[in-house]
**Student:** 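Mind looking over this structure? Questions follow.
Since the structure is predicted, the reported quantities are computational estimates derived from the model, not experimental observations. A note on names: the letters A, B, ... follow the listed sequences, proteins ahead of strands, and every chain is numbered from 1.
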Amino acid sequence: MAQQRTKIKELLSNGTEGKTYTIKGWVRTKRENKNVAFIALNDGSTIKNIQVVADPAKTSEEVLRKITTGAALAIEGTLVASQGQGQSVELQAHSIQVLGEADPEKYPLQPKKHSLEFLREIAHLRMRTNTFGAVFRMRHAMAYAVHKFFHEKGFVNLHTPIITGSDAEGAGEMFRVTTLDLDKLPRTEEGKVNFKEDFFEKETNLTVSGQLEGELGALALGEIYTFGPTFRAENSNTSRHLAEFWMIEPEMAFVELEGNMDLAEEMLKYLIRYALDNCTDDLEFLDARAAEEEKNKPQVERNELGLIERLRFILDNDFERLSYTEAIEILKNSKPNKKKKFNYLIEEWGADLQSEHERYLVEKHFKKPVILFDYPAAIKAFYMRRNEDNKTVRAMDILFPGIGEIVGGSQREERYEELKERAAAIDIHEEDLWWYLETRKFGTAPHSGFGLGFERLMLFVTGMTNIRDVIPFPRFPGNAEF
RNA sequence: UCCUCAGUAGCUCAGCUGGUUAGAGCAUCUGACUGUUAAUCAGAGGGUCGUUGGUUCGAGCCCAACCUGAGGAGCCA
């Protein structure tokens, strides 16, 4: 078996009939009788299996017995036209080597449908299934497409820190980073923990956003983006939140809110087009899978469009852009509001929108992605650019059907005095954020950016419905297994 | 964190009004079958009914607490 292995994807698309190949992979199923054995082998390079045909007369009984679902095999054989129906070519095995057995009594993945909940509990093995193989191949394709998109547009990939010393953004609970001995914490004279003795000689946490550092980059390099892990210690138990997730945060100098919205829409469409163009096999599988799931849902909850149709729909339609104020008007006059069907009724300007309101706008009223902008300052972050009306800020959220908020961004407050004032109003001390404020002192300029939740994009693109199923090893309250 | 629902074989589930020895499909194993497609047919093995406590002559079923999971809400990406 000196020959180099050929990946199954390559073999199926470019293999030459009559030639000898070596393939390596894992058994999905084996079917056999006295005269012939069929092995469906998968190596992860594609969702497709190759059918290996083995002659029981030429294969030892011991080897044949060890070929069970999950076993790793190395096979040398000749690629031939298939005599059966389901595939055009198959590999006629000359020799089969069992690299690793998988005890069929104990191996949890058997050739049958498993629930996603069960597979989540065996995340170390779930990537061997069709569904998760497809999802994680697509996750790679999307990550690659993100870098490709920004590279082509001349953005610089800026690596912002994962450990941060500023608790300033106030974007929720953070994970503490420390090397202090928790059993013997050093104390100050007032009895508080003395962080002067900690590794960084100050309190440090895992980042909740690379935005503030990203802005520093944009105000030097022009256009930057970050793409890295982000951490929130919120006690969130939903199908849309993770404690550790990946976020893409572009930041552009000399760009105002409209350009920001343009970039976000262009990017989302680019990524979705990339999926349609490059992940055909996996998408077709996931499309069929989602259609199967739909059948089990009551009529009212079913999607009007299938997965691939939904992706095409995004490409063919402009996102609906409307101000918060316009959205409130629509919601105020909507049927569910008038008939008091909303749990939270919309009565006046200034109310924060609930999930049910966002869903109504996206799924019922406009039936396409919606970009909401110019929100009340009171419900948005301190760093967002204040409008001339003095009550709204240049914020924008992109809402997607079935997912909700996929992008959140804004034009940033570039005026020193205004920014300082707004930071102080929510008790952020100047000495903690001096470096951020200084960019407004020296050569400040209008600039904008947003954050795109990578896993939320993955939900949309794969048709999966739980965010824990689009990241290989999900982190959420009470769970850091694997 | 809150609300709702669920936890029975490896997996997905049924289990009547509380009543004798807890069932099915798939998976696994054995046998049969000359090319199968999650093969088919026949048979077999497989259970601390989430945990703890309670009610009762008797609990898979009723009650309580806890644990785990799902859906929804909040926080947000």
Side-chain angles (χ1 to χ4, degrees), chain A residues 28-40 48-57 65 68-70 80 82-87 90 92 102-122 129-130 169-173 208-211 227 229-249 264 296-297 301 342-344 352-356 358-359 379-381 397-400 403-409 450-460 465-471 476-479:
Chain A
R28 285 297 172 78
T29 59
K30 179 182 68 165
R31 299 172 288 274
E32 65 181 327
N33 59 40
K34 258 188 229 161
N35 304 288
V36 63
F38 299 99
I39 304 157
K48 291 177 181 161
N49 301 326
I50 186 150
Q51 170 155 286
V52 174
V53 185
D55 184 348
R65 188 165 40 77
T68 59
T69 299
V80 297
S82 179
Q83 298 172 38
Q85 287 302 308
Q87 56 287 312
E90 62 194 18
Q92 196 80 46
D103 183 347
E105 297 274 8
K106 297 190 180 120
Y107 185 59
L109 290 175
Q110 292 303 336
K112 70 179 294 282
K113 194 170 159 49
H114 290 291
S115 68
L116 296 174
E117 291 82 7
F118 170 67
L119 292 170
R120 221 169 280 152
E121 288 167 18
I122 50 167
T129 64
N130 284 333
E169 210 204 334
E173 297 295 309
V208 292
S209 166
Q211 180 200 317
F227 185 4
T230 309
F231 309 87
R232 304 268 166 95
E234 299 288 347
N235 193 5
S236 293
N237 286 288
T238 80
S239 51
R240 306 182 304 284
H241 292 87
L242 290 164
E244 177 182 297
F245 63 99
W246 289 66
M247 189 154 62
I248 297 142
E249 295 181 289
N296 298 323
K297 288 202 229 158
E301 287 175 28
F342 283 143
N343 289 318
Y344 296 86
D352 209 348
L353 300 182
Q354 306 289 319
S355 290
E356 58 182 347
E358 298 180 346
R359 270 210 313 277
I379 59 172
K380 287 292 181 184
D397 284 355
I398 302 186
L399 310 175
F400 258 41
I403 289 162
E405 188 178 339
I406 194 167
V407 163
F450 61 83
L452 167 75
F454 187 56
E455 283 77 18
R456 292 199 179 163
L457 171 74
M458 288 304 301
L459 284 177
F460 188 76
T465 52
N466 191 315
I467 205 161
R468 296 170 187 178
D469 294 332
V470 295
I471 189 166
F476 51 95
N479 199 300

**Student:** Please measure how far the C1' atom in B:G50 lies from the corresponding atom in B:U68, and state the result in whole Å.
**Tutor:** 7 Å
**Student:** Toward the 5' end of RNA chain B, which comes first, A:P104 or A:N235, by nearest nucleotide?
**Tutor:** A:N235
**Student:** I need the CD1-C1' distance between A:I39 and B:A38, as an integer number of Å.
**Tutor:** 16 Å
**Student:** Assign A:E455 to base, sugar-phosphate, or nothing according to its heavy-atom contacts below 4.0 angstrom with the strands shown.
**Tutor:** nothing
**Student:** Pick the P atom in B:U8 and in B:G72, then give their distance to the nearest Å.
**Tutor:** 22 Å
**Student:** Using atom C1' in both nucleotides, what's the gap between B:G15 and B:A32 to the nearest angstrom?
**Tutor:** 34 Å
**Student:** Check whether A:F400 forms a cation-pi arrangement with A:R456 (NZ or CZ under 6.0 Å from the six-membered ring centre, at most 45° off the ring normal).
**Tutor:** no
**Student:** Between the side chains of A:K380 and A:D397, is the shortest nitrogen-to-carboxylate-oxygen separation below 4.0 Å, so that they form an ion pair?
**Tutor:** yes
**Student:** With nearest nucleotide decided by heavy atoms, which residue, A:H114 or A:R31, maps closer to the 5′ end of RNA chain B?
**Tutor:** A:H114
**Student:** Would you say B:G72 has OP1 or OP2 under 4.0 Å from some side-chain N or O of A:S239?
**Tutor:** yes
**Student:** In whole Å, what is the span from the CG atom of A:D397 to the P atom of B:A77?
**Tutor:** 7 Å
**Student:** Counting just side-chain N and O atoms, does A:Q51 come under 4.0 Å of either OP1 or OP2 of B:U36?
**Tutor:** no
**Student:** Please confirm whether A:F454 and A:F227 have ring centers closer than 6.0 angstrom.
**Tutor:** yes
**Student:** Does OP1 or OP2 of B:A70 have a side-chain N or O of A:R468 closer than 4.0 Å?
**Tutor:** yes
**Student:** Given atom CD of A:Q87 and atom P of B:A38, what is their separation to the nearest angstrom?
**Tutor:** 10 Å
**Student:** Nearest whole Å is fine: how far is B:A27 C1' from A:I122 CD1?
**Tutor:** 13 Å
**Student:** Is the phosphate of B:U28 approached by A:Q110 (side-chain N or O, under 4.0 Å from OP1 or OP2)?
**Tutor:** yes
**Student:** Does A:K113 reach a base, just sugar-phosphate, or nothing at all? Heavy atoms under 4.0 Å.
**Tutor:** base
**Student:** Reckon A:G84 touches a base, only the sugar-phosphate, or nothing at all at heavy-atom distances under 4.0 Å?
**Tutor:** base
**Student:** Look at all strands and tell whether A:Q83 reaches a base, only sugar-phosphate, or nothing, counting heavy atoms closer than 4.0 Å.
**Tutor:** base
**Student:** Which part of the nucleic acid does A:L242 contact within heavy-atom distance under 4.0 Å: base, sugar-phosphate only, or nothing?
**Tutor:** base
**Student:** Reckon A:N466 has a side-chain N or O less than 4.0 Å from the OP1 or OP2 of B:G71?
**Tutor:** yes
**Student:** Nearest to the side chain of A:E90 - B:A70, B:C11, B:G35?
**Tutor:** B:G35
**Student:** Quick one: is A:R456 getting a side-chain N or O under 4.0 Å of the B:C76 phosphate, OP1 or OP2?
**Tutor:** no
**Student:** What is the distance, to the nearest angstrom, from the CZ atom on A:F118 to the C1' atom on B:C11?
**Tutor:** 6 Å
**Student:** Across the strands shown, which category fits A:S236 at heavy-atom distances under 4.0 angstrom: base, sugar-phosphate, nothing?
**Tutor:** base
**Student:** Please report, rounded to the nearest Å, how far the P atom of B:G50 is from the CD atom of A:E121.
**Tutor:** 15 Å
**Student:** To the side chain of A:K112, which of B:A77, B:C26, B:A70 is closest?
**Tutor:** B:C26
**Student:** Need one value for A:E358: base, sugar-phosphate or nothing, where a base atom within 4.0 Å counts as base even if backbone is also close, heavy atoms only.
**Tutor:** nothing
**Student:** Please confirm whether the shortest side-chain N or O distance from A:S355 to OP1 or OP2 of B:G74 is below 4.0 Å.
**Tutor:** yes
**Student:** Below the 4.0 Å mark, does B:A70 have OP1 or OP2 next to a side-chain nitrogen or oxygen of A:R120?
**Tutor:** yes
**Student:** Please determine if a side-chain N or O atom of A:R232 lies less than 4.0 Å away from the OP1 or OP2 oxygen of B:G74.
**Tutor:** no
**Student:** Counting Watson-Crick and G-U wobble pairs only, both distances under 3.5 Å, name the nucleotide matched with B:G19, or none.
**Tutor:** B:C57
**Student:** Both distances under 3.5 Å, Watson-Crick or G-U wobble: report the partner of B:C2, or none.
**Tutor:** B:G72
**Student:** Minimum heavy-atom separation for A:E356 to A:Y344, with atom names?
**Tutor:** OE2-N, 2.7 Å
**Student:** When you compare B:U51 with B:A6, how far apart are their C1' atoms, in angstrom units rounded to a whole number?
**Tutor:** 16 Å
**Student:** If we take the P atom in both B:U40 and B:A59, what is their distance in whole Å?
**Tutor:** 42 Å
**Student:** Determine the Euclidean distance between corresponding C1' atoms of B:G46 and B:G23; express it in Å to zero decimal places.
**Tutor:** 13 Å
**Student:** With a 4.0 Å cut-off on heavy atoms, is A:P108 in touch with a base, just the backbone sugar-phosphate, or nothing at all?
**Tutor:** nothing
**Student:** What is the base-pairing partner of B:G35, counting Watson-Crick and G-U wobble geometry with both distances under 3.5 Å?
**Tutor:** none
**Student:** Is it the case that the base of B:C33 and the side chain of A:K34 share a donor-acceptor contact (distance under 3.5 Å, atom types as modelled)?
**Tutor:** no
**Student:** Without hydrogens or angle criteria, can the side chains of A:T230 and A:R232 be said to hold a donor-acceptor pair below 3.5 Å?
**Tutor:** no
**Student:** May I ask whether A:F245 stacks on the base of B:A77, given the cut-offs of 5.5 Å between ring centres and 30° between planes?
**Tutor:** yes
**Student:** Mark yes or no for whether A:S236, through its side chain, and A:T238, through its backbone, hold a donor-acceptor pair below 3.5 Å.
**Tutor:** no
**Student:** Taking A:T68 for its side chain and A:A102 for its backbone only, find out whether a donor-acceptor pair lies under 3.5 Å.
**Tutor:** yes
**Student:** In the strands shown, is B:A44 matched to any nucleotide by a Watson-Crick or G-U wobble pair with both distances under 3.5 Å, and which?
**Tutor:** B:U28
**Student:** Could one point to a donor on the side chain of A:E356 or the base of B:G72 with an acceptor on the other under 3.5 Å away?
**Tutor:** no
**Student:** In whole Å, measure the gap between the C1' atoms of B:G10 and B:A27 for me.
**Tutor:** 7 Å
**Student:** Given B:A77, is OP1 or OP2 found less than 4.0 Å from the side-chain N or O atoms of A:T230?
**Tutor:** no
**Student:** Between B:C11 and B:G69, how many Å separate the two C1' atoms, rounded to a whole number?
**Tutor:** 15 Å
**Student:** Using whole Å, report how far CG of A:D352 lies from C1' of B:C76.
**Tutor:** 11 Å
**Student:** Closer than 3.5 angstrom, by distance alone: can the side chain of A:Q110 be matched with the main-chain N or O of A:Y107 as a donor-acceptor pair?
**Tutor:** yes
**Student:** Tell me whether the OP1 or OP2 atom of B:C33 has a side-chain N or O from A:N33 closer than 4.0 Å.
**Tutor:** no
**Student:** For the residue pair A:N130 and A:R28, confirm or rule out a side-chain donor-acceptor distance under 3.5 Å.
**Tutor:** yes
**Student:** Quick one: A:F400 CZ to B:A77 P, roughly how many Å, whole number?
**Tutor:** 16 Å
